[in-house]
Structure formats: C-alpha cells, structure tokens
Amino acid sequence: MSHATSPDTPRASAPEPLLRAVEVRQHFPVRRGFFKPTAYVKAVNGVSFEIAEGETFGLVGESGCGKSTLGRTLLRLVEPTDGACFYRGENIFEKSPSEFARFRRELQMVFQDPYSSLNPKMRVGDILEEAMKIHGIGTRRTRTDRVIELLETVGLSSEHYFRFPHEFSGGQRQRIGLARALSLSPKVVICDETVSALDVSIQAQVLNLMKRIRREFDLSYLFISHDLGVVKYISDRIGVMYLGNLVEVATAEELFESPKHPYTQALISALPKTNPRTKKERIKLTGEVPSPLSPPSGCCFHTRCPHATEICRTTVPASRTISDTHKVACHLYEGRA
Amino acid sequence: MSASPIIDIRNLRTHFHTEKGRVTAVDDVSFHVGRNEVLGVVGESGCGKSVTSEAIMQLLNPEITDFEGEILFDGENLLALDEARLARIRGNDISMIFQDTTSSLNPLYTVGDQIIEALQAHGRQSRQEAARTALEMVKATGIPSPEKRLSEYPHELSGGMRQRIMIAMALVCRPRLLIADEPTTALDVTTQAQILDLIMQMKAELDMAVVFITHDIGVVAEICDRVAVMYLGQVIEDSTVESLFDAPLHPYTRGLMQAMPTIESDPAEDLYTIRGRVPSLFDVPTGCRFAERCPYATGKCRAEAPTLEAATDGHKVRCWHWKAIAAGEMTESEAELQAG
C-alpha cells in the first residue's frame with residue numbers, strides 16, 4: 001500500500017483542528033470464488049484532511065470516487081479499514097462503541113435521500129425526539145419543547161409535530177433531516193448530497209437555511225456533493241476526490257481560479273456554461289474511471305490524464321504544497337512535498 | 001423560420017383521470033421545433049415537461065388520458081392516428097431517450113440484441129444486416145471496443161456507456177426527431193459533457209431535430225437554439241437561447257436562473273429564492289399560476305390568467321407585467337426577498 005498520497009497533511013505547528021482525518025482507508029472485501037484470493041474494493045485509499053471550527057469543507061468528485069464512503073467511515077457507520085480520525089485531538093476510530101456514543105452526539109449526518117432516511121411509520125415529532133431519547137437528554141417535556149424549537153429553526157412549525165413523513169415534500173423532508181441532526185447540538189454535520197435531489201428553487205431555500213444554521217449553531221460542515229456550483233457556493237475549502245484518493249485541496253476561490261490537478265481542471269471545464277454567448281474550451285477526458293478493485297499503479301489518474309508521463313505510471317505522487325492553503329498530488333508540480 | 005416545423009404542438013391539453021379526480025397536467029401548451037433545431041424544455045418537477053414529451057410519443061395510457069389540441073408531426077396530427085400508423089412513426093421517425101438507463105434496457109438481453117431488435121421491428125433488414133448496422137451505430141457513439149460491448153449485458157456497462165447504447169438504439173433508424181428526457185441528469189459532469197457532445201454530433205450527422213427536456217438551465221445554454229420554460233403545465237416563456245439569457249422576461253425564469261448556485265455566485269450573499277412551492281395540480285390557482293409565488297404579483301395577476309404573448313421577435317412570455325418589470329418600473333416587495 002502506498003503512503004503519503006494525500007495532499008492535506010497537517011503542519012506540526014498548526015493548532016489542532018476540530019476534525020482531522022489521517023490516511024483513512026476503507027477497503028471492502030469481495031469474494032470472487034472459493035479458491036480465488038479475496039479482492040478488495042479500495043473505496044477510500046488513504047485520505048487525510050482537516051476541518052477547522054466553524055468551517056465548511058466541501059468534498060467533490062464523481063460517482064464512485066469514495067466521497068460518500070469517506071463520510072460514512074468518519075462517523076463509523078462502516079468501520080474503517082485503517083487510518084485515524086481525530087476529533088478535538090482524540091482518535092475516534094480507537095474508541096469502544098460505548099465511548100464512541102459520546103462523540104456521535106457531536107458528529108451528525110444528513111443524508112441524500114429524503115424518502116428513505118425518515119421512518120415512514122413514525123410521526124415527525126417522534127423522529128426528532130428519538131435521538132435525544134437514546135442519548136438520555138432532557139425530560140419528556142423539555143424534549144418536546146426542543147423539537148418544536150427545532151421545527152421552527154428549520155422553517156417548519158409546531159403544527160407539523162404530529163404529521164408523518166409522507167405528508168411532506170422533498171425539500172421539507174430535508175429540513176426534517178437537518179432538524180434531526182441538530183437535535184443533539186452537534187459540532188460537525190456531515191451532509192451527504194443533501195440538496196442534490198431537490199428542484200432548483202427548493203435547493204436554494206435549503207442552502208440558505210444551511211448557511212443560516214451554520215452561523216447560528218456555530219457548526220462545521222463536511223459537505224459532500226457532485227455539484228461543483230453548490231460546493232463552490234457553500235464551502236470555505238474544497239477537496240477533490242478521484243478513485244478513493246484526495247487529489248487536490250484548496251480554498252474555494254483558489255480551486256476554481258487556478259485548479260492545479262489535471263482532473264480538477266477537466267472537472268471544472270466540463271461544467272455547462274452559464275451563458276450561451278461565451279465560448280468555452282473543454283478538456284476532454286478519454287476513457288472511463290478505472291475499477292477501484294484494481295486501481296492503476298502510480299498516480300490513480302494516469303490512465304486518463306492528458307499530461308501523463310512515465311513517472312506517473314510508476315510512482316504515486318506525493319502531496320505538493322502550492323501555497324499554504326493549496327495542495328495537489330501530481331507529478332507536474334514542483335514545490336515542497 | 002423558413003421551412004415548416006418538424007413538430008408543431010397547438011393548444012395541447014392532457015387530462016388524467018385519477019382516483020382523486022381529473023387533473024390537467026399539460027394545459028394549453030403550444031410550441032414548435034424547426035427542422036435541425038434543438039429546443040430545450042425547462043422546468044421543475046411536475047411542470048408537465050415529461051408529460052408533453054410522452055404525449056408526442058403517445059406513450060400515455062389512453063384509458064385514463066384525454067387529449068385536446070393537436071400535435072402535428074410533419075403536418076400529420078399524431079393525436080388522430082391509429083395505433084398501426086403510430087407504431088411506424090414511433091422509433092422510426094421520432095425516438096426518445098430517458099434519464100434512467102437501467103430501467104430502459106432489458107437486463108436479460110445483450111445490448112447488441114436489443115439494438116438489432118429495434119432495427120428489425122421497423123425495417124425489413126435481415127439479422128446479419130441489422131447486426132452490421134448496429135455495430136456501425138455503436139461505433140459512431142464512440143464506445144471503446146464496440147464489438148465486445150455489443151455482446152455484453154446492460155449491468156456490465158457504466159451509466160455513461162448505457163446512455164450511449166440508448167442513443168445508438170434511438171438513432172439506429174435515423175429518426176427525424178429525437179426527444180431526450182433528462183438524458184444526462186443521472187450522469188457525472190465529465191460524462192454529461194461527453195453525452196451532450198455526442199447528441200450534438202449525431203444531430204448534425206442525421207440532420208434531425210431535438211427536444212431536450214431538462215431542469216438544468218446550464219445545459220440549455222450549452223446546446224439549445226430555443227427554450228420553452230414550463231411552469232405548472234403551461235409554457236410561460238418561449239425564446240431563443242440568446243434572448244432568454246440576455247433578458248429573461250418572466251419572473252419565474254428570472255428566479256430560476258438566479259436561484260441556481262454556479263461557480264460565479266457570490267458565497268457571501270444568500271441565494272435568490274422563489275418563495276413557497278409549486279401548487280398541486282388538483283388546486284391550480286385562478287389567474288396567473290405563478291402569482292402566489294411571484295414578487296411582482298398584483299390583483300390583476302390573481303384574478304385573470306395572462307396569455308403567451310409576443311414580447312419581441314422570437315420571444316414570448318406569459319405575464320401581465322413583463323414590460324414594467326423589464327423597464328425596472330416594478331420592484332420586488334420586501335417580504336419576497338427574505339431567505340428560506
């Protein structure tokens with residue numbers, strides 16, 4: 001297994017960030033037959049990054065790049081294969097299930113599918129109360145008050161307390177999902193394609209709400225999405241994933257103003273133009289994303305990269321520092337490794 | 001437009017009989033598509049854009065659907081044709097591709113067999129000839145190692161590749177009109193760009209017209225010549241792409257364009273929002289259908305329904321106040337600017 005592939009290794013002098021993922025790996029075994037050795041889908045292959053307090057870190061990449069698996073792995077919804085994740089300096093991957101419960105209160109998740117993530121047989125009030133009950137927070141009375149307060153926070157009202165999920169539209173369900181995540185007063189919320197299934201006008205409402213909540217609750221988001229426009233809009237910093245690897249990390253402006261990694265460049269150039277009169281040169285990628293069962297040797301992108309040379313085929317690129325806030329894993333760039 | 005349009009929809013209405021009563025999903029829709037033209041049909045879920053395209057293809061269950069109006073394909077009213085004539089037009093002259101490629105392909109047959117079937121259903125080609133044509137078509141879509149792919153099953157292909165197969169299958173009879181219903185919505189941006197390129201290349205080669213249904217106004221800017229914006233079963237704006245992007249006239253179109261975060265949006269500002277949500281088709285407002293969400297709405301808007309009127313050459317809009325709004329004489333009321 002290759003090491004030091006991720007561009008966002010923290011500097012020793014920096015203060016401990018709120019959340020710090022170090023070389024996180026998630027490999028799923030695939031049995032191919034009785035006598036064949038077990039193969040592994042390397043869904044997340046050594047990803048390191050950090051999220052500061054109050055910061056939104058966007059994670060972009062195309063389907064199958066491992067961004068959702070990474071989010072789920074950080075919350076141990078699937079147990080990690082390797083690596084560490086430090087929350088306020090403590091490695092949550094090493095905690096026993098009972099110890100971890102304490103951290104789960106502070107690390108919450110909102111899912112993509114507003115239809116399957118809410119129990120259709122439960123009333124909205126009970127859905128929102130459930131997590132507080134499990135964690136033994138408050139009394140029945142205070143929990144009910146809190147639920148009503150949460151409903152109002154996300155733009156619903158107390159009259160929705162006794163309703164069932166099917167009575168709500170997609171956008172309202174995502175508001176309920178947000179309210180549920182907020183019920184335990186978390187510090188970090190992982191949003192996995194939270195607005196992707198929504199129509200444009202509803203998406204804008206939910207994005208504005210998420211920004212307001214971040215301010216009011218002093219939250220950090222890990223915002224996972226395939227939509228570059230949305231990620232650029234909501235994120236402070238952005239990481240680009242390809243085939244289980246984080247290939248570039250930069251502030252939102254830097255990433256879009258001067259993308260360094262050839263994959264990031266291709267991704268940005270593939271965005272539909274915003275005006276029919278502008279002429280746009282597109283970087284055309286050939287071929288398909290390789291299988292994570294047998295990722296290419298060397299740089300994971302070399303099979304599709306227009307600039308690939310011999311070294312890309314053989315050696316995994318180390319992370320290069322372009323600036324204090326911009327790192328890229330690509331052989332094209334010099335700079336401090 | 002010099003030549004007659006390939007498809008000319010006139011005052012189309014579709015009524016569905018449902019358990020909850022009758023709904024009119026498409027209400028007085030008129031638009032036309034010129035030969036070799038790409039028309040974008042834009043709108044959010046439930047605006048009737050897919051129902052309109054299914055009406056063109058006559059894919060709606062006739063037992064629960066009533067139609068009014070005309071759909072003239074090359075001068076022939078599709079709504080008045082018998083099933084035999086329709087079957088010849090469908091797939092042969094008009095083809096369709098869909099968003100969901102998994103459910104559009106039969107999982108039990110190889111993709112090659114499915115393309116050959118499409119050919120044999122419409123032509124009198126022998127199986128060998130059909131196999132040759134299928135291979136040529138799949139080659140033209142740019143799939144690597146096409147011979148091998150033809151003998152594979154749908155589950156062995158990626159989403160982008162399946163959409164290429166769908167396109168090959170739709171175009172193998174060289175139709176004159178392709179209806180593309182959100183064909184790139186489920187795809188990643190880089191794959192989307194490839195598929196859009198492919199559709200445009202095939203359009204030029206086969207000299208066909210395209211109706212491109214999408215919710216993504218960016219895709220419209222990329223490939224369309226003209227756009228029809230739909231809201232709650234009606235066309236509310238119909239324009240050339242340039243004119244629409246230079247100066248959208250309908251408040252809904254303006255809202256839609258501003259609500260979408262792009263890489264040019266300012267992260268410090270809240271996104272523009274259209275308040276409320278699309279009303280139910282069971283409870284269509286009298287007057288302008290957008291009035292209750294519109295920041296410019298007046299009493300007149302709530303009482304009387306506007307018609308689609310010509311604003312400028314090649315730009316139509318369904319709004320009482322488009323002139324005043326365009327001239328900046330009307331401003332949005334404060335309440336509407338509120339977020340969330």
Side-chain angles (χ1 to χ4, degrees), chain A residues 56 60-65 154-155 169-172 175 195 198-213 226-236 252-253 255-256 263 266-278 280 282-289 304, chain B residues 43-47 142 144 157-161 184 186-194 196-197 215-225 227 240-242 244-246 252 255-267 269-278 293 338-340:
Chain A
T56 298
V60 284
E62 301 185 286
S63 32
C65 73
V154 298
S169 66
Q172 287 176 317
R175 289 173 191 264
V195 297
L198 306 177
D199 271 322
V200 177
S201 67
I202 307 300
Q203 175 179 283
Q205 294 171 358
V206 175
L207 280 172
N208 286 345
L209 170 68
M210 290 179 70
K211 283 179 67 177
R212 200 192 79 216
I213 286 173
H226 71 282
D227 187 327
L228 279 90
V230 171
V231 168
K232 160 93 191 323
Y233 175 71
I234 198 145
S235 306
D236 301 309
E253 301 88 82
L255 192 79
F256 283 86
Y263 177 64
L267 208 56
I268 292 173
S269 82
L271 280 175
K273 50 193 176 185
T274 44
N275 190 308
R277 292 191 199 276
T278 50
K280 203 165 127 176
R282 200 147 69 207
I283 303 167
K284 286 188 178 140
L285 287 184
T286 51
E288 302 241 333
V289 182
R304 304 176 75 197
Chain B
E44 299 184 289
S45 325
C47 71
L157 306 175
S158 67
M161 223 149 10
T184 60
L187 304 175
D188 288 316
V189 269
T190 56
T191 316
Q192 166 172 289
Q194 291 170 354
L196 293 181
D197 281 350
H215 67 282
D216 186 339
I217 209 121
V219 171
V220 169
E222 196 75 33
I223 67 163
C224 296
D225 302 311
V227 205
T240 63
V241 168
E242 286 81 9
L244 189 85
F245 277 79
D246 286 347
Y252 176 65
L256 212 54
M257 289 168 95
Q258 289 173 67
M260 189 157 98
T262 69
I263 58 173
E264 283 147 31
S265 309
D266 181 358
E269 303 253 319
D270 267 355
L271 287 169
Y272 182 91
T273 57
I274 302 171
R275 68 178 158 156
R277 56 191 168 113
V278 183
R293 303 179 73 194
Q338 259 179 34

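These numbers come from the heavy atoms of this one structure, side chains and all, not from hydrogens, waters or symmetry mates.
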Exactly one candidate in A:Val206, A:Val230, A:Leu207 meets side chain to side chain contact (heavy atoms under 4.5 Å, CB included) with B:Leu271; the answer is A:Leu207
Least distance between heavy atoms, B:Gly276 atom then A:Gln205 atom: O-NE2, 3.2 Å
Is the backbone of A:Lys284 close enough, under 3.5 Å, to the side chain of B:Gln194 for a donor and an acceptor to pair up by distance? no
Only pairs of heavy atoms separated by less than 4.5 Å count here; which of B:Val189, B:Asp197, B:Val220, B:Ile263 has the most with chain A? B:Ile263
Quick one: do B:Asp246 and A:Arg277 make a salt bridge, cutoff under 4.0 Å? yes
Could you grab the distance from atom CD1 of A:Ile283 to atom OG1 of B:Thr190, nearest 0.5 Å is fine? 11.5 Å
Contact leader toward chain A among B:Val278, B:Leu244, B:Leu196, B:Ile274, where contacts are heavy-atom pairs under 4.5 Å: B:Ile274
If you count heavy-atom pairs under 4.5 Å between each of B:Met257, B:Met161, B:Gln258 and chain A, which one has the most? B:Met161
At their closest point, which heavy atom of A:Gln203 faces which heavy atom of B:Pro261, and how far apart are they? NE2-CD, 3.4 Å
Considering all heavy atoms of both residues, which atom of A:Ser201 and which atom of B:Ala259 are nearest to each other, and what is their separation? CA-CB, 4.4 Å
Measure A:Lys273 against the heavy atoms of chain B and call it side chain, backbone, both or neither at under 4.5 Å. both
Bottom line for B:Gln192: the part with an atom under 4.5 Å from chain A's heavy atoms is side chain
Is A:Asp199 reaching over with its side chain to a backbone N or O of B:Ser45, donor-acceptor style, under 3.5 angstrom? yes
Closest non-hydrogen atom pair, A:Tyr233 against B:Pro267: O-CB, 3.3 Å
